[in-house]
Amino acid sequence: MKRNFIVLLMVFTFSSALQAQITEQWGPDGFVKIENGQGGLSEPLDPGDRFSRDHDQAGDINGDGVIDLVIGARSDDDGATDAGAVYILFMNSIGTVQSSQKISALAGNFTDTLAAGDFFGYGVAGIGDYDGDNIPDIAATASGRIYIIHLDATGKVKSLVRNNGINSQGLSAIGDLNNDGRIDLVACQPTSNAGGTRRGAIQILFFNNNSQLMNANTVTISSTQGGFGTGLQNDDNFGGREVAMLGDIDNDGTKELAVGAFKSDGGKGAIWILSLSNTNYNVVSKLKITEGINGFHDTLTLGGNTNGTNGAHFGHALCKVGDLNGDGIPDLMTGANQQSEGWGYILYLNADKTVKTYTRINNTDGGFGLVLDPLERFSRSISFVGDLRGDGTIAVNYGGGAGGTGTLYLLFLKPCDFDQQAGFNHWSGGNTLFSNWSHANQMLTSDSLTFEQCTFKAFETDAAYMTYNFNDGRCICKDSNATLTVSSEMSTAYINRCYSAYEPTSATNISLANKISVYPNPATNEVIITSSETNFTINDKVELYSMVGKKLMTSRILSSKTSVDISNLASGAYLLVTHIQGGSQSVKVVKD
């Protein structure tokens, strides 16, 4: 986890360490395990069904205000061996299953024929309302075809359209790429022999208003098509099982698509970030991420696996998760499902598409408290759910499960403020919950950590206080008995506002969450703050900070509606802090 801290140190120093700063980081907030007889799932699963082989959020199908899920079980035996099945999971907001509806050759009003080895549900995706009945629909693959399935509110098939000529071992919704009002799809074809043996390919698929595939518009990207050019080798398995549309992260007018090649580099695996043309969606530039390349420095395994494959399979599955470290750039979740029990990764990206830093999610890292089987293959499928609980947290699905029946892990992440104390300080005394620094020897005892990695250690250990040094990557997490002490080594001290026993101790920490609203967000020219308060004092104000804590403006609040001009700011994320009647509220705002 070593890194160069020089640039960060310069940015931090010039942003005035003498002022208190607030940074929002997203961290673990528990998980729900959904499998045969657990997590509310009452539908019986058989050994080898491969439930959760692919999955996606499907929108609110039954209209109860909670996001529902679509789950593939490509080796279900309804009607014939490995004919496959798809499940609609109607969710409770806490992440458990309220009820489910199976769609297969024998269930859910599915009217087409499924034969042995069709693997229906190998790829699934939520596609929004395709047929205009205000009920979200889904897409699902089977051998040589893709179905657009129009659902009714019970999760059964209302009608379907079969589109032939598409082979896929995974499916991803990528938003409305061509701006025709319909969500577009990517079919993943890692075993494609285009250009060489199992080099892999993806196909970008567009559908008309009758849910029919527009074959003439399909874009294939491989060693031989779509502008990819050189870089793929035999057995790379480019395409993976899911891709992730990141959007225009480098602000050059083209959108970036992340695609895995999970058997490249001898099986270690890799991720390609492709910049796509706005006209023909061909590749105009690309960047490869793997061990030791473009900012990713974790060690990936190369040895043989119990299923006869080799390596870690980094990049097997991918999903975009939004900005988890407050730098205005969307981040990426992926995994190495053959590394030990299966490791998940959060990749925090830079604007140039390289990796800024990363955190791991597994049995020992990440703070979720997972207990995974040694043969789990956790992270072999990943999908973004969103704010399932309706409380500002986000949920992300990870597939796994030893033995082939299949397990879905629904991970929750919450936004947390880490409040830097003004000046250079560290936390002394108390009990040390984690440390990679020896004060006696004045040296690191293990790898240096990035700021994001250090905050995850605070999450993992439920630390009240965190000391971090941007110069050498030292990270020390303390309990609430520690005291603030001046640092002669330019360390910075933080209060973890997500510490389980944290309670505000002064009036300045009173939340205004129910008293103010901030809109629009994202915004281009101005942000409006409205408050339910009607009386204001000389101390009532709004402050705007950069994400490294530099104060950019202060303005008095004189009425229940205040405008903040952001027209001259660069695009990115900022922190808006409102102070009214002795209370305060911090809101991250994004300038388009």
Side-chain angles (χ1 to χ4, degrees), residues 1-25 27 295 297-298 324-327 348 350 355-360 365 367 416-499 502 505-506 509 545-551 575 586:
M1 298 185 180
K2 294 180 179 178
R3 55 170 293 173
N4 187 332
F5 291 94
I6 295 175
V7 174
L8 274 176
L9 176 61
M10 292 174 63
V11 170
F12 177 74
T13 302
F14 284 106
S15 69
S16 178
L18 297 178
Q19 296 182 9
Q21 305 173 23
I22 300 173
T23 179
E24 183 181 80
Q25 300 288 305
H297 299 296
D298 209 10
L324 299 186
N325 63 345
D327 62 1
Y348 303 93
N350 292 310
V355 177
K356 176 182 180 182
T357 183
Y358 62 89
T359 55
R360 300 189 195 112
D365 300 306
C416 295
D417 286 341
F418 280 78
D419 293 354
Q420 183 202 331
Q421 303 308 285
F424 293 110
N425 300 284
H426 71 279
W427 296 104
S428 64
N431 293 302
T432 300
L433 305 177
F434 171 83
S435 177
N436 66 344
W437 180 256
S438 169
H439 285 286
N441 298 318
Q442 286 293 289
M443 63 182 294
L444 291 168
T445 58
S446 59
D447 286 342
S448 62
L449 299 184
T450 63
F451 181 76
E452 289 86 352
Q453 290 165 347
C454 189
T455 60
F456 257 76
K457 291 300 180 184
F459 288 129
E460 290 172 17
T461 57
D462 193 27
Y465 302 129
M466 183 185 86
T467 299
Y468 185 71
N469 192 303
F470 284 85
N471 186 41
D472 54 30
R474 76 182 72 172
C475 173
I476 305 167
C477 300
K478 296 272 190 177
D479 68 8
S480 58
N481 295 312
T483 57
L484 194 64
T485 305
V486 174
S487 171
S488 61
E489 300 165 356
M490 299 185 73
S491 290
T492 52
Y494 293 84
I495 297 175
N496 175 14
R497 299 301 186 190
C498 281
Y499 164 57
Y502 169 74
T505 56
S506 66
N509 289 322
Y545 292 86
S546 71
M547 294 311 294
V548 294
K550 182 178 181 180
K551 186 185 292 187
L575 192 69
S586 301

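Residue numbers count from 1 along this sequence. All figures in this text were calculated on a predicted structure; none of them were measured in a lab.
- The shortest non-hydrogen separation linking Phe456 to Gly27 is CZ-CA, 4.1 Å.
- Residues Trp427 and Leu484 form a side-chain contact, since some pair of their non-hydrogen atoms from C-beta on lies under 4.5 Å apart.
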Worked verdict on Arg474 versus Glu489 for side-chain contact (heavy atoms from CB on, under 4.5 Å): CA-CA 11 Å; Arg474 76 182 72 172; Glu489 300 165 356; 2.4 Å; yes
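- Smallest separation of non-hydrogen atoms from Gly429 and Ala482: O-CB, 3.8 Å.
- Taking each heavy atom of Lys478 and Ile476 in turn, the nearest pair found is CE-CG2, 4.0 Å.
- Applying the side-chain hydrogen bond (donor to acceptor under 3.5 Å, both in side chains) test between Ser491 and each of Thr485, Asn469, Thr467 identifies Asn469 as the sole match.
- Using cut-offs of 30° and 60° for the angle between ring planes, the Phe418 and Tyr494 rings count as perpendicular.
- For Cys477, there are no disulfide (SG to SG under 2.5 Å) partners at least two apart in sequence or on another chain.
- With sequence neighbours excluded, no residue forms a ring-ring contact (aromatic ring centres under 6.0 Å, His included) with Tyr348.
- Put simply, CG on Asp365 and NZ on Lys457 are 5.0 Å apart, with the number rounded to the nearest 0.5 Å.
- Here the straight-line distance linking atom CD of Glu452 with atom OG1 of Thr357 works out to 5.5 Å at 0.5 Å rounding.
- Between Met466 and Phe451 the shortest heavy-atom distance is CE-CE1, 3.6 Å.
- Within the model, atoms CG of Asn425 and CD of Gln420 stand 8.5 Å from one another, a figure rounded to the nearest 0.5 Å.
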Going through the checks in order, is the side-chain contact (heavy atoms from CB on, under 4.5 Å) test met by Phe459 and Thr359? CA-CA 12 Å; Phe459 288 129; Thr359 55; over 6 Å; no
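- Tyr468 and Gly473 get closest at one heavy-atom pair: OH-CA, 3.9 Å.
- Nearest heavy atom pair, residue Tyr499 against residue Ser480, reads OH-OG, 3.5 Å.
- One finds the CG atom of Asn471 at 7.5 Å from the CE atom of Met490 (value rounded to the nearest 0.5 Å).
- The side-chain heavy atoms of Lys356 and Asp327, taken from C-beta on, include a pair separated by under 4.5 Å.
- Rounded to the nearest 0.5 angstrom, Asn481 CG and Tyr465 OH are separated by 8.5 Å.
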Would you sort out whether Trp437 and Gln442 count as a side-chain contact (heavy atoms from CB on, under 4.5 Å), showing the intermediate values? CA-CA 7 Å; Trp437 180 256; Gln442 286 293 289; 3.8 Å; yes
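- Side chain of Asp479 to backbone of Asn431: a donor-acceptor contact under 3.5 angstrom is found.
- Every side chain to side chain contact (heavy atoms under 4.5 Å, CB included) that Thr445 has, sequence neighbours left out, goes to Asn436, Ser438.
- For the atom pair CG (Asn496) and CG (Asp462), the distance works out to 7.5 Å, reported to the nearest 0.5 Å.
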